[in-house]
Every structure is written in C-alpha cells, then in structure tokens.
Amino acid sequence: MTGGPDEHGAEDLRAVAWGGDHVRLLDQTVLPGRVRWLDIADVDGLIDAVRRLVVRGAPALGAVGGFGVALAMVQARAAGWDQARLQREIDRVRAARPTAVNLAWGVDRVRPLVPRGLPAVVDEALAIAREDGVANRAIGRNGADWILARIGRGAPERGAAPVRVLTHCNTGILATAEWGTGLGVIRELHGRGALAQVYVDETRPLLQGSRLTAWELTRLGIPHVVQVDSAAPSTILRGMVDVAVIGADRITAAGDVANKIGSLGVALACAEAGIPFVVAAPESTVDLTARTGAEITIELRDEEEVLRHGDARVAPEASRGYNPAFDVTPAKLVTALVTEHGVLEVSAGQTPADRFSGERAGSASRA
Ligand code: MRU
C-alpha cells in the first residue's frame, strides 16, 4: 500500500485501501513508533478498527464507509447472509462513529450500488478515495491563496515574511484518502516557500497532533513545534501565530463546525487576537440536514482515555472521566471555510446553506 515518493519527497502512504476481499488500514494506533498495516476481513473487525481509531479523520472515514459496504458484501457471500442481514451489517458500519458525517456519507453513496454487485460497489468506493485526493489538493491551493491574500503577504520571493500557522489534531494524509485538508493547506504554503513554522497542538487525549501530525510534518521536512493544547491560546495571543488552520468532522448549514475537542478554544483565541480561524474540509463534510451545531451528535469516548497517560493511571481510582471527542465552533468564529470549490467567509455571513443548497452536500442524514 505504499507508493513512490511524492513531489514533496514523502512516501505516498494510504490510510485506507481495498485489498481485493478485505480492507487494508494503516494502523494509526501504533504510529509514530511503528508503521504497520492491518488487513480487516469482516465487519466486526472494521467497526472495532474505526472505534479504536486505527483509521480516523473524517475524509478517511468516508472511504472506509464505501469500502465497508464492499466488505459486508464479501462477508455476506461467505456466510450466506440474506439481504436483510447484509443491510443491517452495513447500518452497523455506518453508525460506528457518530460525529464525522463522512462515514455515513460514504456508506450512503455506495449502498445503492449493492444490487449491481461487488465490482460496482468497489469502483464507487475507489472513486470516493480518488475524488478526495483531488478535492484536497484544490483545498490546499484555495486555502493558501486565501491566507496569503488575507494576511497581506505577497510573494515570498519578493521578501514577504513567511506565515506562522497553528493546527489542531491531524488533518493530513493519515486523515484523508490523499494529501490532507488543513495539512494540505500547510503543505501548499510550504511548497510555495511561504511557511515559517507550524505550531502543532498535541491533541489530548489520543495525541493525534504529536503522534500523527508531527510525524507527517517530519516526513515532509516542514518546520514545526509540538505544544500542549492549553498553550494554544497563549501562543496566539502573544502574537506568535498568523493563522489557525484546522479540519472538520461535520459542518452545518449555518456554518457551525464540529472538530476535535480543543478546536473551540483555538477559535476563541483567534477571535480575541484578531487573526483568521480557517476550517479546511471537502464538501463531503458539509451536512445541510443539520441546521446548527446543536443538532450534531458529539461522540463520548471511554473515560479511561482521559484518566490514563499511556499505560499509567494518572487520576485517582475514585475519579471519573469526561471525554467528549469533539466540540462545536459557532459560525461567527469561523473566519473562512475552505472547500474544493472555493472559500466561504462564514463569520461575514457566507453560509454553507447559501453555497451548497440545491446541490448534494452531506446528503447522509444525521447519524
Ligand atoms: O477522532 P479523530 O482523530 O477521528 O478526529 C479527527 C479530527 O477531528 C479531524 O480534525 C477531522 O476529522 C478532519 S480530518 C481531515
């Protein structure tokens, strides 16, 4: 599942791929210490992998949704499931995680092809992955153009100061089918010689920032420092950051954005500091069936993830944990939403409802 080096010198990793009769996942639970792929041969295994974050990140979960339908069909044939059982198993894949709309969207896009057989289903799932890569590169270009224009930086070759970016969670190749969304924008800035440094929030409790984003940036040769999540507001208010760029798990019609817990604090700090808070995501993350963030289901994860640090319990045995995996940033704090179609200045009143109504956008109903 590895390819050759891409134009930025990084190995062309794939978080998710179809292996003929199984789903192949890059095991993100063991990164950066080990690079290991898992071959997932049944629906239970896929759901377990999604819940344990072997594969994670909204756009990658869209591809998983598509391949999950194919996997259920393979298992149905081997186990002699009838259509009703097959549809129930597909529903289980669709509901494996509730906040990232892309998972349900990927399932819903591929499921209608089940009557046409496995090759048609696999082709559609592969198209999801392919299109995500194309979308992400457009997001990178659109985001870099908007950021450089907004913060008044001209061409770096004419002496313009490079941009200091803060990011949260992981929005790179590991979270997508290819290239990355928020990290795609950062890669594009770097490729243009317009990036100074990235502040990487470590992203408690599962450390997608320090384990995954820092690993990707290291492989790409992009200068970065890892900071604890609680440093972010101070780093921003001390004038050390020009722009924050994050991804999204679900974006509502009004422009509210669900993303990894901690994103909201970054947005509040950006508003206070008067710097742009930029959300980069493909159209498949827009869910027009949700009007506002109040309608988004926030995944609550095991309290143990908060109460432990690695293998060690760090809170008293009697303490209970609270572990929401995502928060919702209100539209008024979202300076720009960058998609493959362009940029919406959300806090200035440009909503996804206005841009995408009448087209398909997050057609999956709420999980
Ligand atoms: O719990 P995770 O790791 O799946 O959360 C991922 C995020 O919050 C990402 O920022 C989001 O899915 C966008 S990925 C391009």
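Order of appearance sets the numbers: ligands from 1, and atoms from 1 within every ligand. Count residues from 1 along the sequence. On a predicted model such as this, the values are computed, not experimentally measured, just so you know.
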Worksheet item: Does the cation-pi check pass for R211 over W215, that is, NZ or CZ under 6.0 Å from the six-membered ring centre and within 45° of its axis?
Response: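 The answer is no; the distance or angle limit is not met.
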Discussion item. Using 0.5 Å steps for rounding, measure from the CG atom of D27 to the CG atom of L38.
Written reply: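 Separation between the atoms: 4.5 Å.
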Worksheet item: Got a sec, which hydrophobics cluster with Y322, joining ILVMFWY side chains under 4.5 Å apart, including via others?
Response: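 Via sub-4.5 Å side-chain contacts, Y322 links to L300.
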Just heavy atoms, cut-off under 4.0 Å: does [X] contact ligand 1 by side chain, backbone, both, or neither?
{"X": "Q208", "result": "side chain"}
{"X": "N170", "result": "backbone"}
{"X": "R97", "result": "side chain"}

Give me the residue, atom name and distance of the protein heavy atom closest to [atom].
{"atom": "atom 15 (C) of ligand 1", "value": "T181 OG1, 3.1 Å"}
{"atom": "atom 10 (O) of ligand 1", "value": "N259 OD1, 2.7 Å"}
{"atom": "atom 11 (C) of ligand 1", "value": "D249 OD1, 3.1 Å"}
{"atom": "atom 5 (O) of ligand 1", "value": "K260 CE, 3.3 Å"}
{"atom": "atom 14 (S) of ligand 1", "value": "A175 CB, 3.5 Å"}

Item to complete: For A58, take its heavy atoms, then give the atoms of ligand 1 lying under 4.0 Å from any of them.
Response: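 Answer, ordered by atom number: 12 (O), 14 (S).
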Item to complete: Please identify which atoms of ligand 1 are closer than 4.0 Å to at least one heavy atom of P59.
Response: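 Listed by number with element, the hits are 14 (S), 15 (C).
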Fill in: Side-chain (Q350) to main-chain (L344) donor-acceptor, under 3.5 angstrom
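Not at all, since once roles are kept as given, no pair shorter than 3.5 Å links the two residues.
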Would you call [X] and [Y] a salt bridge, taking side-chain N to carboxylate O under 4.0 Å as the test?
{"X": "D145", "Y": "R192", "answer": "yes"}
{"X": "E304", "Y": "R313", "answer": "yes"}
{"X": "D91", "Y": "R111", "answer": "yes"}

Worksheet item: Given side chains that start at C-beta, do those of L53 and Q28 come closer than 4.5 Å, heavy atoms only?
Response: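 L53 does not reach Q28 side chain to side chain.
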Worksheet entry | Note, T181 side chain near V279 side chain (heavy atom, < 4.5 Å) |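 SC-SC contact between T181 and V279 ruled out.
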Worksheet entry | Closest non-hydrogen atom pair, W81 against A72 |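 The answer is CZ3-O, 3.6 Å.
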Within the structure, is a non-hydrogen atom of [X] found at a distance of less than 4.0 Å from ligand 1?
{"X": "A325", "result": "no"}
{"X": "A248", "result": "yes"}
{"X": "N102", "result": "no"}

Practice prompt. Could you tell me whether L53 and ligand 1 have an N or O pair separated by under 3.5 Å?
Written response: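 Min N/O separation from ligand 1 is not below 3.5 Å for L53.
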Discussion item. Between ligand 1 and T171, is the shortest N or O to N or O distance under 3.5 Å?
Written reply: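 Between T171 and ligand 1 (N or O atoms, distance only) the closest approach is not under 3.5 Å.
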